[in-house]
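Keep in mind it's a predicted model, so treat the numbers as computed, not measured. The sequence lines fix the lettering, A, B, ..., with proteins before strands; numbering per chain opens at 1.
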Amino acid sequence: MSLENIETPAAAPSDFIRDIVAAHVAENKYPRIHTRFPPEPNGYLHIGHAKSICLNFGIAREFGGVCNLRMDDTNPTKEDVEYVESIQEDVNWLISAWADDKLGLKPHGKTPEAVTSNGQPDFYLPAVTGATAGLEPFYASDYFDQIYAYAVALIKKGKAFVCDLTPDETDEYRRQGKASPFRDRSVEENLDLFTRMKNGEFPDGARSLRAKIVVDAPNIWLRDPLIYRIRHAAHHHTGDKWCIYPMYDFAHCLSDYIEGITHSICTLEFEVHRPLYDWILESLGLPRPLPHQYEFARLSLTYTVMSKRKLLQLVNENSVTGWDDPRMPTISGIRRRGVPATALRAFAYNIGITKYNGLTDVAVLEHAIREDLNKRAFRRLAVLRPIKVVITNYPEGQVEELNAVNNPEQPETGTRKLPFSRELFIERDDFAEVPPPKFFRLKPGGEVRLKYAYIIKCEEVVKDAAGNIAELRCTADLDSKTGGATAGRKVKGTIHWVSAPHAVDAEVRLYDRLFTVAEPDTGADFKATLNPHSLEVIHVKCEPSLKDASPAERYQFERLAYFALDKDSAPGKLVFNRTITLKDNWAKEAHKS
RNA sequence: UGCCCGAUGGUGUAACGGUAGCACAAGUGACUCUGAAUCACUUUGUCAUGGUUCAAAUCCAUGUCGGGCAGCCA
């Protein structure tokens, strides 16, 4: 069964942004709905980005539109191609077989075309969909020429000026609502100085280009905001062509415009920037319909940190093995852990889109993962912490091949053969010498069903010199095998097992929450709340069919958890990541007493 | 402090002036050759105070609480 076979079951969701888009579609406001996902390539994408990806691409697929992938790369000192590559990989994985036909890209190396729109000169860079060969993501840095031209246009309109204030002075003037002494420079002088800024005549921070809006506006972002700064730094995409770079506010709205974006969806912290977004586009008198910005609440998850700064710190300080450590909330970490993209998308649908800054229980994510994996995972038997069991009345050397169901949720996936023999392994937790109340598993003198095999009774507990249990000697009801005379006998417990001589060894990585507290972000030192037991590596006994395990498949080790093959596996070396445990009501029950 | 935004069970959301619903979580029971899954049932909610209205979670006012912004970051 391939991973792509299971579709996201959820119906198309409804939220305030989709309501707005639906209204625009109804009134035919735009020829086509066009969204974009614009990460800055300064870190790996995380599950909060997944929410945004599912929103933007979801809108594109629900309303017959397109969603551009764009690198929002206007700050050369923080960005890197490593991140560009990981972002593409993560986005492609997440939208695969769902919205990959809505992914807007552009021909490699292509920059905006000079076109005429409504009789006016204009810049436009159309998206290409439905292919990937020869295509690449959009880059805001591909528009530096056009953005520069727009800045010059703004100067010529008397709506921008070159300011000589230092960064500290600028802050102070803006705080006080005071006009810069350079605010009323002539257009000619501004043009000259801006050209010389571009030509590299001034050091970093010596001058800046500022929009001329309102000196003492209540909204700080309208107090003559900076739109260009000097940065003598090489850029990962444009090399050393530029030594001035546009600020986010200036570059973003214009990038949206150039790509023909209709709905520019971002998180709440940009809400106060929206008047500036609109001011820039309106001030330029652009000839095509303008994009508009809409904001929603970013995702916060319990037992998780989400800021790129903190995730980077975990990586740099080796608290995890890398950005794709399966404990990380990054898309690559979640993927490596074994979570299917369908589960992540279902989660994104389930949490909804609002303007309320809430804290989502990680249990919602875990539920989406279990629901998905329950449907798709092959059932297998594996013993994580083995105890040896000898069936004393079972002939030595005899081996039976039992039929075992691959997935009861999908009977069409068939069965596989499971060897049974005299010596087995069972789970240490499935035996108790002194059983607690309501213990349905194996105990001295007690009976239990071996899944797909016999009912056995524990006759003797053999211990080593140190008093540890070395093996259990049991007898089997040899008529109780599935289909046998006493197969219908009711025993309270059924446990999993592996035939000892046939067992395949594997390394298993048991992952748990990275943090011990629900809100690691709130304390002074989030690293103090790291869970020291978030990873445990053990060596386990698997049923023989698992030696052919594939990274494309998901497995449920029955009664335990879901697992996926890790990339550290090699021929003859199985490494499984525990994606998530099965729900464990017994643990809950045992905890009560 | 100024400006902006928000508030519906424990958590996340729906209801768009007309029966407060869904999911997760929690609990009870049924079933079970996975203490899983499945099924049934249960608990818990409109921030406060006024106002408009036949009728308010929804509209208005005030207050309270929470979040965001005040980088030459995005």
Side-chain angles (χ1 to χ4, degrees), chain A residues 13-16 19 38-40 42 72-75 77-79 140 163 165-168 170-171 174-175 177 204-210 217-223 225-231 244-245 247-249 251-252 266-275 295 297-299 302 308 350-368 370-371 374-375 379 381 404-405 408-409 438-441 448-453 455 480 482 487-496 518 556-561 581-590:
Chain A
S14 166
D15 55 64
F16 77 99
D19 289 348
E40 182 187 15
N42 68 343
D72 200 7
D73 54 352
T74 56
N75 185 353
T77 61
K78 292 193 172 179
E79 297 151 7
C163 183
L165 254 26
T166 66
D168 286 346
T170 308
D171 286 351
R174 290 183 74 200
R175 257 194 289 275
D204 288 5
R207 289 183 218 264
S208 63
L209 185 69
R210 294 227 255 161
N219 182 340
I220 300 281
W221 291 104
L222 259 19
R223 318 241 271 225
L226 266 83
I227 57 177
Y228 258 96
R229 81 285 219 182
I230 301 172
R231 274 268 189 291
I244 58 171
Y245 292 92
M247 300 288 292
Y248 164 84
D249 288 294
H252 202 90
C266 60
T267 45
L268 250 23
E269 67 268 27
F270 294 100
E271 210 161 12
V272 289
H273 294 238
R274 191 183 344 129
E295 309 88 10
R298 63 174 348 123
L299 173 67
T302 56
K308 277 190 196 171
N350 291 342
I351 56 175
I353 299 292
T354 65
K355 299 186 74 158
Y356 175 71
N357 267 306
L359 178 62
T360 298
D361 193 332
V362 75
V364 179
L365 206 214
E366 295 172 344
H367 174 262
R370 288 193 181 102
E371 191 173 48
N374 177 49
K375 278 179 284 192
R379 271 52 172 181
L381 300 189
V405 173
E409 302 286 325
K438 297 184 189 170
F439 187 79
F440 302 157
R441 307 174 184 181
V448 78
R449 157 80 64 183
L450 295 177
K451 177 99 182 178
Y452 298 122
I455 295 170
S480 64
T482 306
R489 276 178 58 205
K490 294 292 176 203
V491 283
K492 195 65 181 165
T494 299
I495 63 172
H496 60 278
Q556 182 198 99
F557 293 178
E558 287 209 44
R559 303 207 308 131
L560 298 170
T581 60
L582 254 30
K583 278 215 286 191
D584 189 354
N585 277 321
W586 165 241
K588 213 179 287 180
E589 180 66 34

With the 90 degree cut-off around zero defining syn, does B:G27 come out syn or anti? anti

Going 5' to 3' through nucleotides 13-21 of chain B and flagging B where a protein heavy-atom sits under 4.0 Å of the base, S where only the sugar-phosphate is that close, and - otherwise, we get SS-B-----

Donor-acceptor contact below 3.5 Å, side chain A:Glu589 vs main chain A:Asn585: no

Sequence-distant partners of A:Glu269, salt bridge (Lys or Arg N to Asp or Glu O under 4.0 Å), two or more places apart: A:Arg298

Considering only atom C1', compute the distance from B:A56 to B:A20 and round it to an integer number of Å. 12 Å

Excluding sequence neighbours, so at least two apart, what forms side chain to side chain contact (heavy atoms under 4.5 Å, CB included) with A:Ala487? none

Holding to side-chain hydrogen bond (donor to acceptor under 3.5 Å, both in side chains), I want the full list of residues that pass it with A:Arg231, two or more places apart in sequence or in another chain. none

For A:His252 and B:A74, what is the distance between atoms NE2 and P respectively, to the nearest whole Å? 11 Å

side-chain hydrogen bond (donor to acceptor under 3.5 Å, both in side chains) partners for A:Thr354, two or more places apart: none

Protein and nucleotides 68-73 of chain B: nitrogen or oxygen contacts under 3.5 angstrom:
from  : atom 1 : to       : atom 2 : distance (Å)
B:C69 : O2'    : A:Trp221 : NE1    : 2.5
B:C72 : OP1    : A:Asp171 : OD1    : 2.7
B:C72 : OP2    : A:Arg174 : NH1    : 3.4
B:C72 : N4     : A:Leu165 : O      : 2.9
B:C72 : N4     : A:Pro167 : N      : 3.4
B:C72 : N4     : A:Gly205 : O      : 3.2
B:C73 : OP1    : A:Arg231 : NH2    : 2.7
B:C73 : OP2    : A:Arg229 : NE     : 3.3
B:C73 : OP2    : A:Arg229 : NH2    : 3.0
B:C73 : OP2    : A:Arg231 : NH2    : 2.4
B:C73 : O3'    : A:Arg229 : NH2    : 3.1
B:C73 : O2'    : A:Asn75  : ND2    : 3.0

Side-chain donor or acceptor of A:Ser208 paired with backbone N/O of A:Leu226 under 3.5 Å: no

C1' atoms of B:U49 and B:G10, separation to the nearest Å: 27 Å

For B:U44 and B:U1, measure between their P atoms and round to the nearest Å. 40 Å

Not counting sequence neighbours, which residues clear salt bridge (Lys or Arg N to Asp or Glu O under 4.0 Å) with A:Arg207? List them please. A:Asp164

Quick one: the dot-bracket string of RNA chain B, using Watson-Crick and G-U wobble pairs with both distances under 3.5 Å, [ ] for crossing pairs and | for bases paired to another strand. (((((((..((((....[..)))).(((((.......)))))....(((((..]....))))))))))))....

Roughly how far apart, to the nearest Å, are B:G2 and B:U11 at atom C1'? 34 Å

For A:Asn219, side-chain hydrogen bond (donor to acceptor under 3.5 Å, both in side chains) partners two or more places apart: none

Quote, to the nearest angstrom, the C1' distance that separates B:C3 from B:G12. 29 Å

Just jot down the side chain to side chain contact (heavy atoms under 4.5 Å, CB included) partners of A:Ile220, sequence neighbours excluded, or say none. A:Arg174, A:Arg223

List the residues meeting side-chain hydrogen bond (donor to acceptor under 3.5 Å, both in side chains) with A:Lys308, not counting sequence neighbours, and say none if there are none. A:Asn42

Could you tell me whether the side chain of A:Tyr452 and the main chain of A:Val405 form a donor-acceptor pair under 3.5 Å? yes

Nearest-angstrom distance, P atom, B:A74 to B:C69: 15 Å

A:Ser480 backbone acceptor or donor facing A:Arg449 side chain under 3.5 Å: yes

Inter-nucleotide C1' distance (B:U58, B:G45), Å rounded: 16 Å

Base-contact (B) and sugar-phosphate-only (S) positions in nucleotides 32-40 of chain B, heavy-atom cut-off under 4.0 Å, - elsewhere: -BBBSS---

Tell me, with the steps shown, if A:Lys355 and A:Glu271 meet side chain to side chain contact (heavy atoms under 4.5 Å, CB included). CA-CA 10 Å; A:Lys355 299 186 74 158; A:Glu271 210 161 12; 2.6 Å; yes

So that I can tick it off, tell me whether A:Glu295 and A:Arg274 are bridged by a salt bridge, with the cut-off set at under 4.0 angstrom between side-chain N and carboxylate O. yes

Using the P atom in both, what is the distance from B:U19 to B:G27, to the nearest Å? 33 Å

